[in-house]
Every structure is written in structure tokens, then in C-alpha cells.
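Each remark here refers to the structure printed beneath this line.
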Amino acid sequence: MFNTLHEECGVFGIFENKTTYVAQSTYLALYALQHRGQESCGIAVNDDGVFSHRRGDGLVPDVFTPEKLEGLGMGNMAIGHVRYSTTGGKSPNNIQPLVIRHIKGNLAVAHNGNLVNAADIRKSFELKGGIFHGTSDTESIAYSIVSNRLNSKNTEEAVEKTMYSLKGAYSCLVMTATKLIAFRDPNGFRPLCIGKTDDGAWCVSSESCALDTIGAKFVRDVIPGEIVVIGIDGIHSIKTHCREKSKGSLCVFEYIYFARPDSVIENASVEHARMKAGEFLAKEHPVDADIVIGVPDSGIDAALGYANASGIPYGIGFIKNRYIGRSFIQPSQHQREDAVRIKLNVVKENIKGKRVIMIDDSIVRGTTCARIVKLLREAGASQVHMRVSSPPFKHPCYFGTDVDSQENLIACKYDSVEDIAREIGVDSLGYLSVEATHKLAENAEIGFCDGCFTGNYPIEVPKEQPKDKFEEKLNQFSAYYQVLD
């Protein structure tokens with residue numbers, strides 16, 4: 001299932017000064033964020049302190065049919081989430097937003113990111129008799145907030161206290177009976193931004209493209225470490241956990257692959273960053289060829305950048321069938337091969353007899369790109385030169401990107417780029433340099449995390465990532481269960 005990278009999660013929240021169909025706006029925003037997670041989704045609506053919510057497996061339009069969306073009713077606040085699981089399996093209990101009813105009132109939480117100390121937080125609650133219904137780290141965040149709320153004057157103070165115990169990546173939304181609260185980890189690993197509609201509604205979103213979808217105007221990014229509180233008295237922020245923005249560690253792969261090209265993150269256009277990656281590739285790895293093509297979708301902008309910088313014409317090499325499921329979720333190797341062939345069809349007239357430069361955003365295991373190269377060979381390409389708009393993946397990610405284990409990463413299995421080129425069947429192969437990735441986002445005032453490429457992480461990471469005991473069979477944790485008996 002790791003033939004390509006898995007996306008992040010996406011969050012969205014809206015606060016209106018009147019009762020209206022906030023679920024509809026949230027639905028449209030989640031549709032715009034669907035690229036960040038196709039596994040499950042959910043919406044929670046607040047109608048003057050009364051919460052209604054719906055969650056389910058699948059894509060946004062499948063989970064929220066018109067009848068189910070209408071069933072959420074009206075309200076003045078809502079938060080939504082699209083999910084791909086990085087911590088926690090596919091249990092229905094892990095679908096977000098999580099809705100908790102505690103002594104101080106209703107609380108809903110949606111989270112994008114991954115905590116490196118979630119197991120420790122969970123254990124501390126379990127030892128006090130705490131009961132967890134799922135296995136995601138979002139539940140650890142939610143229970144930490146609830147626990148701190150008992151000794152705080154309000155929820156934002158509880159969030160502020162909770163952030164002292166959280167380590168890792170988190171861009172979160174919390175909805176209470178009266179407030180919408182957004183907070184982002186001090187490193188700013190994952191994006192989060194604020195918008196406002198013409199009628200005065202405040203919105204918070206993982207990406208600005210969702211704001212565009214509902215007609216909201218981008219206001220600003222949530223500062224790493226900032227807590228933003230939205231209520232009937234307007235918007236204000238708590239900056240206890242903030243530090244210099246240049247010391248942040250935004251995941252650089254947001255610009256290369258994860259984010260939608262029409263989004264702007266930290267004052268930098270995602271599309272322009274990808275074109276910049278192609279320009280750097282042309283300078284770092286030039287080659288004589290007849291045509292430059294991009295693998296849809298995130299390879300296209302980089303291909304345009306490469307063509308512009310090299311002077312080699314850009315052409316359409318593949319037509320993407322948008323009505324087939326993602327290739328990496330196919331259950332068998334044979335089905336994955338069929339899915340790649342159905343998903344991408346080569347425009348033979350543009351390829352036959354040509355020396356082709358093929359641009360893609362990354363290589364994980366190498367199996368999918370090998371099949372794509374084979375399609376070009378079958379279409380009559382005389383040469384295939386692959387250029388990758390990211391460095392080789394050599395290390396795990398602990399902050400929300402589901403990079404495969406090192407023994408399966410093609411860059412860890414072979415000693416040289418030339419060996420990888422032979423394995424995937426290309427005439428030459430070139431990766432973008434790590435140095436270039438830090439120059440992609442023009443105008444961005446934040447630093448970047450490149451740990452999956454370099455092994456240099458901005459915070460301490462665990463020496464190992466243990467499996468959750470509740471997602472393993474009994475014989476894997478026999479000693480644990482003997483203690484329980």
C-alpha cells in the first residue's frame with residue numbers, strides 16, 4: 001500500500017454570528033480539502049450549545065448525502081475533518097471530529113498532525129483509570145484538554161496548559177458551546193490559516209483553497225504556537241507558545257506534494273513552489289531531450305518549471321482517469337498494476353520516438369514509477385529520463401506523513417542513484433537537492449522540516465514507534481495481558 005505517499009488530514013471550522021446552515025459551508029470546504037484524506041470524514045455542528053455530528057468511512061460526498069447533511073440541522077458553529085490515518089487504525093472510533101460530553105459541557109476536536117509522545121500521554125490517563133474508545137493520538141489531545149479544563153477558567157486556558165505536554169505536529173480545532181478555538185504546534189509542522197466571509201463569519205482551515213471554495217477571504221496564517229479564540233466578541237489570540245517564525249519547521253513536502261496547487265501557505269504559492277522545483281531540477285540535472293512531461297497531478301507544475309528553465313518543450317504525456325480509486329489502496333499486486341494502467345493512459349502521439357523527461361514528485365518504493373516508465377516504453381519513447389522534485393526518502397516521518405519503513409524505501413535499498421535508475425528502468429535519474437527544497441517557497445518567513453530526507457529532525461523523536469497494544473493480536477502482547485489477568 002506504500003507505492004506512493006499518503007496525504008495528511010484536513011481540518012475546517014466556521015463561526016457565524018447567526019444561526020445558519022454551517023454544515024453546508026463545512027461540507028464544501030471539506031470537499032476542497034479532500035486531497036488531504038480520503039479514508040473518512042466528519043462534521044460536528046453547534047446549535048447554541050447543542051451538538052449534532054456525523055462521521056463515516058469514505059469520501060465527503062459519499063458520507064454526506066443531501067439527506068444526511070440536512071440532518072445535521074442549523075447552527076452557528078461547525079468543525080469538519082477529512083482523514084488519512086497515521087496514528088490509529090481504521091476503527092470508526094478514530095474518525096474525527098471527536099465529540100466529548102464532559103462536566104463542563106460539549107467539546108469537539110479535529111486534529112491534523114502526529115504526536116511523538118501520544119503513547120506516554122495515553123498511558124498516564126490509563127493508569128488513572130481513563131478509558132479510551134479509539135487508538136488515535138487525537139483522543140490524547142482531547143482528554144488532555146478536558147482534564148486541564150477542570151482547573152482552568154476557560155477552554156483556551158486549558159488548551160494553553162495542554163500544549164506544554166504535547167510534543168510533535170498538531171494543527172487543531174476545538175469547538176465548545178460558545179467558542180471556536182484553533183491552535184498550532186510551536187514548530188508549525190502542519191499548515192493552518194484564518195479567513196473571513198463578507199457577512200462576517202470567521203473560518204479556520206488547513207489550506208486557503210477551502211476558504212476560496214466558500215467565498216471567504218484569506219486573512220492570515222495561524223502563527224506556530226498560537227492559540228486563536230473566536231467568539232461572539234470577535235477574535236483574539238494567545239501567544240504564550242509562540243517563538244520566532246523563522247525557527248519554525250513547516251513540512252517542506254506540503255509545497256512539493258500534499259497541498260493543493262491553488263493554496264497559499266505561509267505567504268508562498270504552492271503552484272509557484274512546484275514550478276520552482278522544476279527550475280532547480282533543470283539546473284541541477286540537465287539532459288538533452290525532446291519533451292518534458294509531468295505525472296499527474298503534482299508532477300505537472302514541476303514539469304512546466306523544468307521546461308521553462310531548460311527550453312525543452314512541455315507536452316502532455318498522460319491523461320488521468322479521475323474516476324478510479326487510488327492505486328495504493330488496491331489489495332493485491334496484480335490489481336495495483338491494473339489500476340495504474342487504467343488510471344494513467346499515455347498520449348502515444350506525443351511520446352513515440354521521443355526522448356522523454358518525466359517529472360514526478362517523489363519515489364517511495366519505486367514499483368509504481370517503474371510501471372509508469374514501462375507505459376512510456378510501450379508507447380514508443382526512445383529514452384526516458386526521470387527527474388524527481390524532491391530528495392530521496394531515507395528516513396521515517398514522525399509528524400504526520402506516512403513514509404514507509406526504511407527497509408522498503410527504494411533509496412535505502414540501493415547504494416546509488418544509478419542503481420535506482422536501473423531498477424525502475426530509466427535512462428537517467430535525478431533528484432532535487434535538499435538545499436533546493438529550502439528555496440522553493442519564495443516569501444515564506446518560516447523554516448522547514450526535511451527530516452524524511454536528512455534524518456535531522458527539529459525536535460527529539462522516539463527511537464522506535466511501538467504498535468498500539470489494542471491493534472495487535474494477543475500473542476504479540478502476551479506479557480501485557482498476563483499482567484492484566
Side-chain angles (χ1 to χ4, degrees), residues 1-9 84-90 113-120 135 137 167-169 187 189-190 249-258 298 326-330 333 336 360-373 386-426 429-438 448-469 471-472 476:
M1 61 184 292
F2 287 98
N3 288 322
T4 187
L5 287 177
H6 294 169
E7 281 84 345
E8 302 302 310
C9 298
Y84 173 76
S85 60
T86 54
T87 297
K90 296 186 178 182
N114 196 62
L115 300 183
V116 299
N117 66 333
D120 294 334
T135 54
D137 53 356
K167 297 178 182 179
N187 288 89
F189 284 109
R190 298 297 157 201
S249 305
L250 176 68
C251 173
V252 73
F253 222 73
E254 290 285 352
Y255 292 105
I256 297 169
Y257 175 77
F258 289 130
S298 52
R326 300 176 65 81
S327 61
F328 62 74
I329 63 172
Q330 304 302 322
Q333 182 80 358
R336 283 195 293 267
D360 205 355
D361 55 76
S362 60
I363 305 177
V364 183
R365 287 189 171 188
T367 51
T368 296
C369 67
R371 296 185 198 112
I372 295 173
V373 171
M386 186 170 185
R387 298 295 179 264
V388 185
S389 59
S390 66
F393 284 107
K394 293 186 176 181
H395 305 275
C397 174
Y398 297 90
F399 311 118
T401 304
D402 217 358
V403 178
D404 202 356
S405 55
Q406 286 179 284
E407 64 267 21
N408 292 321
L409 294 173
I410 193 168
C412 295
K413 291 172 66 176
Y414 294 94
D415 295 329
S416 68
V417 173
E418 291 74 21
D419 289 339
I420 298 173
R422 281 191 290 272
E423 176 65 19
I424 63 177
V426 294
L429 174 63
Y431 288 93
L432 189 67
S433 67
V434 174
E435 294 74 23
T437 64
H438 289 259
F448 299 101
C449 176
D450 58 17
C452 55
F453 308 132
T454 65
N456 299 321
Y457 303 103
I459 63 174
E460 186 178 356
V461 297
K463 292 182 173 59
E464 60 179 359
Q465 291 178 298
K467 293 287 187 180
D468 190 285
K469 59 181 175 284
E471 293 182 348
E472 294 291 318
Q476 300 293 320

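Along the sequence shown, residues are numbered consecutively beginning with 1.
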Rounded to the nearest 0.5 Å, the SG atom of C251 sits from the CZ atom of F258 at a distance of 5.5 Å

Pairwise distance OG(S362) to CZ(F253) - rounded to 0.5 angstrom | 4.0 Å

Give a yes or no answer on whether the side chain of Q406 reaches the backbone of K394 with a donor-acceptor pair at less than 3.5 Å.
-> yes

Between L250 and R190 the two heavy atoms that sit nearest each other are CD1-C, 4.2 Å

Shortest non-hydrogen separation from F399 to A169 and the atoms involved = O-CB, 3.4 Å

For the atom pair OG (S249) and CD1 (I459), what is the distance rounded to the nearest 0.5 Å?
-> 8.5 Å

Inter-residue atom distance D361.CG - S390.OG, 0.5 Å rounding | 6.5 Å

For Y398, does its backbone N or O pair with a side-chain atom of N114 as donor and acceptor, under 3.5 Å?
-> yes

Applying salt bridge (charged side-chain N to carboxylate O under 4.0 Å, His left out) to D120 and not counting sequence neighbours gives none

Please report the shortest heavy-atom distance between H395 and Y457, naming the atom on each side.
-> CB-OH, 3.4 Å

Pairwise side-chain contact, Y414 with R422, heavy-atom cut-off 4.5 Å (strictly under) = no

Pairs involving residues 405-416, ordered by first then second residue, that meet salt bridge (charged side-chain N to carboxylate O under 4.0 Å, His left out) (sequence neighbours left out) | none

Minimum-distance pair of heavy atoms, taken over all atoms of K167 and N117 = N-OD1, 3.1 Å

Shortest non-hydrogen contact from L115 to D137?
-> N-OD2, 2.8 Å

Given side chains that start at C-beta, do those of V364 and L409 come closer than 4.5 Å, heavy atoms only?
-> yes

Is any side-chain heavy atom of Y255 closer than 4.5 Å to a side-chain heavy atom of S389?
-> no

Look at the aromatic rings of F453 and F393 and report parallel, tilted or perpendicular, splitting at 30° and 60°.
-> tilted

If you round to the nearest 0.5 Å, how far is CD1 of I424 from CG of D419?
-> 11.5 Å

Euclidean distance, L432 CG relative to I256 CD1, rounded to 0.5 Å = 6.5 Å

With the side chain counted from C-beta on, respond yes when T437 and P391 share a heavy-atom pair under 4.5 Å apart, and no when they do not.
-> yes

Tell me, please, which residues at least two apart from D360 pass side-chain hydrogen bond (donor to acceptor under 3.5 Å, both in side chains).
-> none

Minimum heavy-atom separation for V116 to E460, with atom names?
-> CG2-O, 4.2 Å

